[in-house]
Amino acid sequence: MKLATRINSFLPVYDNDLKQVFSKFNDLGLTHVDLNYPEHMTGFSSEEMKALLDENDLKANGVALRFRNEFINGELGNSDETIAQNALELCKEAADYCREVGGEVVTIWLGFDGFDYSFQINYQKVWNQLVNAFKEIANYAPDLKISIEYKPFQPRAYAFIDSMGVAGMMLNDIDRENVGVTLDYCHMLMKHENPAFGAEIFGSRNKLFGVHINDGYGLNDDGLMIATSTPFKTLEFLYYVKKHNYDAPFYFDTFPIIEHAVKECEQNIKMIKLLNGLIDNVGLDQIQDIIDRNDAIGASELMMKFLSNN
């Protein structure tokens with residue numbers, strides 16, 4: 001199982017020293033790293049970053065765009081053509097860096113492409129702008145996976161790409177083989193989606209390019225340790241991810257603000273391995289048989305089986 005976690009959660013613990021953070025990742029048994037672009041690249045050329053990863057027996061899964069400052073009123077969909085073009089160029093730079101450090105996925109979360117008021121944006125114009133931008137990024141880096149991470153709100157009151165439905169429609173219009181989605185479990189709860197539903201739909205179409213695993217209560221991006229508030233939903237989600245042979249890293253997108261980052265990561269690792277073992281113990285075929293029966297009692301019995309672990 002390939003595992004990664006948030007670099008930002010570890011930086012304060014190790015005095016913002018990326019070298020120490022990567023060394024600890026190695027000790028914990030993590031296998032991959034997702035780098036925020038451009039914030040984690042400061043002071044590191046792609047060659048230096050690749051060497052640092054190699055020294056700690058880590059691999060780059062990819063880079064995740066982080067838009068700041070000028071982009072707070074929109075990134076690729078910004079009404080200012082210059083700012084939108086700057087966002088597009090940043091995505092291309094991230095793709096180049098991703099390739100150079102050995103990564104495979106460029107994750108694009110458009111946190112500021114959205115709106116806060118009625119009559120604030122031209123929806124069709126922004127839609128077309130995003131579709132064309134993603135086409136250009138995909139064409140620029142056909143050797144990489146370009147992954148759209150959606151979220152219903154925060155920091156905007158309404159995000160533009162806010163759900164599995166809108167993301168799916170966007171993929172259809174972009175129509176590029178190398179464009180898919182990253183499913184963030186907590187984001188899906190915020191939208192009142194069942195995460196397993198998204199894993200099935202995107203996984204069955206070979207469009208599941210990334211998984212951010214965490215937990216929450218659905219009203220906020222809580223970033224809790226995995227399976228701490230919705231354990232059965234997490235099990236169902238992992239079942240479908242496993243069913244569709246997802247082979248990229250599971251990224252622990254959790255927020256250890258009070259908890260110690262190292263101990264929290266250790267717990268996430270133990271939990272995901274436990275859940276994976278529970279699924280294996282029951283077996284994919286037996287789980288699918290219960291699903292195919294469309295039997296609520298059978299589903300409840302399956303939950304009891306997971307709890308009894310036999």
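Taking the six-membered ring for Trp, F25 and F10 have ring centres closer than 6.0 Å. Taking the six-membered ring for Trp, F67 and F112 have ring centres at least 6.0 Å apart. Aromatic ring centroids of F115 and Y158 lie under 6.0 Å apart.
Remark: Y239 OH to N276 CG distance equals 13.5 Å, nearest 0.5 Å. Within the model, atoms CG of D162 and CG of D113 stand 12.5 Å from one another, a figure rounded to the nearest 0.5 Å. K151 contributes atom NZ, which lies 8.0 Å from atom CD of E149 (distance to the nearest 0.5 angstrom). Atom CG of residue D222 and atom CG of residue N220 lie 5.0 Å apart, to the nearest 0.5 angstrom. Interatomic distance, CZ of F252 versus OG of S9, reported as 12.0 Å (0.5 Å rounding). In this structure, Y217 OH and L224 CG are separated by 5.5 Å, a value rounded to the nearest 0.5 Å.
If you check the side chains of H244 and E200, you find a donor sitting under 3.5 Å from an acceptor. For the 3.5 Å distance criterion, the side chains of N26 and D57 fail to qualify, holding no donor opposite an acceptor. Between the side chains of N132 and E136, no donor-acceptor pair of N or O atoms lies under 3.5 Å. No donor-acceptor contact under 3.5 angstrom links the side chains of N78 and N73, judged on distance only. For the residue pair K263 / Q267, no side-chain donor-acceptor distance below 3.5 Å is found, with atom types taken as modelled. Side-chain N/O atoms of Q85 and E89 include a donor and acceptor closer than 3.5 Å. Side-chain atoms of N86 and E70 include a donor-acceptor pair closer than 3.5 Å.
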inquiry  = Using side chain to side chain contact (heavy atoms under 4.5 Å, CB included), reason through K207 and L171 one step at a time and then give a plain yes or no.
reply    = CA-CA 9 Å; K207 289 295 186 179; L171 293 186; 4.2 Å; yes

Q. Going through the checks in order, is the side-chain hydrogen bond (donor to acceptor under 3.5 Å, both in side chains) test met by Y185 and T230?
A. CA-CA 10 Å; Y185 186 90; T230 60; 2.7 Å; yes

Stepwise salt bridge (Lys or Arg N to Asp or Glu O under 4.0 Å) test for R99 and E104
CA-CA 7 Å; R99 185 184 298 108; E104 298 180 359; over 6 Å; no

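Heavy atoms from other residues, nucleotides or ligands lying under 6.0 Å from CE of M169 number 12 at most. By the neighbour-count criterion of 12 heavy atoms within 6.0 Å, atom NZ of K19 is sparsely surrounded, having that number or fewer from other residues, nucleotides or ligands.
Between H212 and Y251, the angle of the ring planes lies from 30° to 60°, which puts this pair in the tilted group.
The backbone N or O of G283 lies less than 3.5 Å from no partner atom in the side chain of Q286, so there is not a single donor-acceptor pair. Judged by distance alone, the side chain of R66 and the main-chain N or O of N36 form no donor-acceptor pair under 3.5 Å.
Under the 4.5 Å side-chain heavy-atom criterion for Ile, Leu, Val, Met, Phe, Trp and Tyr, L130 and F209 are members of distinct hydrophobic clusters.
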